[in-house]
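Worksheet: the structure to be examined is printed underneath.
Heavy atoms only: backbone and side chains are in, while hydrogens, waters and symmetry mates are out. One-based numbering, in listed order, for ligands and for the atoms of each. Keep in mind that what you see is a predicted model, and the values were worked out from it rather than measured.
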Amino acid sequence: MSLTEIERLQALLPVWVESSRQLCADGKTASYIPELAKSPLGALGIHIMDAKGHSISAGDAELSFTMQSISKVFSLILALMDNGETIVFDKVGMEPTGDNFNSMLKLELVQPSIPFNPLINAGAIAISSLIAGENPSEKSNRLLEFLRLISNNSKLSYDHDVYRSESDSANLNRSMAYFLKDKGVLNGSVEDVLDVYFRHCSVSVNCADIAQMALVLAYNGKNPLTGEQLIPRRYVQIAKTFMITCGMYNASGEFAIQVGLPAKSGVSGGILSLVPGRYGIGVVGPSLNRKGNSIAGVSLLEILSREFDWSLF
Ligand code: GLU
């Protein structure tokens with residue numbers, strides 16, 4: 001970060017957090033996973049990290065939240081590292097749907113019956129079945145270790161209450177997974193695949209963890225602090241492209257216009273975003289807008305992109 005940018009961020013980030021926080025009252029926490037309904041509606045936090053390890057945070061950046069759909073970016077990357085592009089894209093497509101993240105509509109309407117992309121639920125469930133491992137716990141452990149590596153946090157673990165709450169209430173995801181099994185998209189036992197999926201969605205993080213993960217993507221798979229290439233560049237390119245086209249649910253087009261950065265949000269209110277070659281960004285704000293994105297988090301990213309001219313377009 002140039003000094004002036006750090007100074008401006010330090011001075012203004014808390015102000016922008018407080019102005020965006022006002023919007024929290026207009027949204028709702030996710031309730032279809034009962035445990036997520038308990039998240040603090042008025043919380044908003046952000047952490048921004050650069051390649052030299054400088055960090056700036058504001059608001060409720062220390063709040064713990066579950067990765068939910070943010071984890072789909074990393075399960076996709078690990079599946080690509082385990083299998084290569086040909087096998088992965090035999091099971092999931094590369095296109096946005098325009099439907100809700102948990103919709104089954106196009107699975108039957110459009111042939112072949114493979115999920116449109118790896119960031120919707122059906123696609124991420126298919127991806128979970130591609131993670132290498134002898135059994136669900138080995139697959140989940142590999143994924144957790146991968147997230148620990150990318151976040152540079154060996155303590156990352158599951159929020160067991162959220163895991164159980166999702167597993168107990170996931171009728172829609174279950175029906176989708178059984179449909180995919182019937183169409184030959186899923187390998188192995190459906191319940192085993194779902195367990196891997198629920199576990200990676202329930203990994204507990206804070207904004208600094210997400211910013212660190214985003215920083216690795218911002219540097220094309222390299223940890224800029226150590227110089228270690230953690231992910232092949234090509235797979236980061238694929239992941240970031242999906243983040244632009246499908247990362248913010250049905251508001252991905254609007255987000256590309258208003259913010260113009262790769263991003264992935266989750267129903268816990270987390271958002272991972274990045275400025276390529278510059279910053280990793282982690283945001284949390286559990287109050288969601290009608291499209292399922294953090295209402296205040298999106299507003300905060302809009303302000304930042306506008307003030308610092310971060311849009312890629
Ligand atoms: N675990 C959530 C689900 O399957 C993830 C949804 C999301 O964050 O978009 O419904």
Ligand-residue contact atoms, ligand 1 with [X], heavy atoms, under 4.0 Å:
X: Asn173; answer: 3 (C), 4 (O), 10 (O)
X: Gly266; answer: 8 (O)
X: Val267; answer: 6 (C), 7 (C), 8 (O), 9 (O)
X: Phe101; answer: 6 (C), 9 (O), 10 (O)
X: Tyr249; answer: 7 (C), 8 (O), 9 (O)

Can you find an N or O of Ser265 that's nearer than 3.5 Å to an N or O of ligand 1? no
among protein heavy atoms, the one nearest atom 10 (O) of ligand 1 is Tyr32 OH, 2.4 Å
What is the nearest protein non-hydrogen atom to atom 7 (C) of ligand 1, stated with its residue, atom name and distance? Ser69 OG, 2.6 Å
Cation-pi geometry met for Lys264 and Phe242 (6.0 Å, 45°): no
Regarding [X] and [Y], does a basic nitrogen lie under 4.0 Å from an acidic carboxylate oxygen?
X: Arg21; Y: Glu18; result: yes
X: Lys139; Y: Glu134; result: no
X: Glu5; Y: Arg8; result: no

Taking Met248's backbone N and O only, do any of them form a donor-acceptor pair with Asn293's side chain (distance below 3.5 Å, no angle check)? yes
Are Tyr163 and Tyr158 an aromatic pair by the rule of ring centers under 6.0 Å? no
Students often mix this up, so state it plainly: with edges at 30° and 60°, are the rings of Phe101 and Tyr249 parallel, tilted or perpendicular? tilted
Does ligand 1 have an atom under 4.0 Å from some heavy atom of Asn121? yes
Tyr197 heavy atom under 4.0 Å from ligand 1: yes
Location of contacts on Asn102 toward ligand 1, heavy atoms closer than 4.0 Å: neither
Would you kindly specify which portion of Cys201 sits under 4.0 Å from ligand 1, judged on non-hydrogen atoms: side chain, backbone, both or neither? side chain
So does Lys222 have more than 12 non-hydrogen atoms from other groups sitting under 6.0 Å from NZ? no
Just wondering, are more than 12 heavy atoms of other shown residues or ligands nearer than 6.0 Å to CD in Glu191? yes
Could you check which of His200, Glu166, Gln68 puts a non-hydrogen atom nearest to atom 3 (C) of ligand 1? Glu166
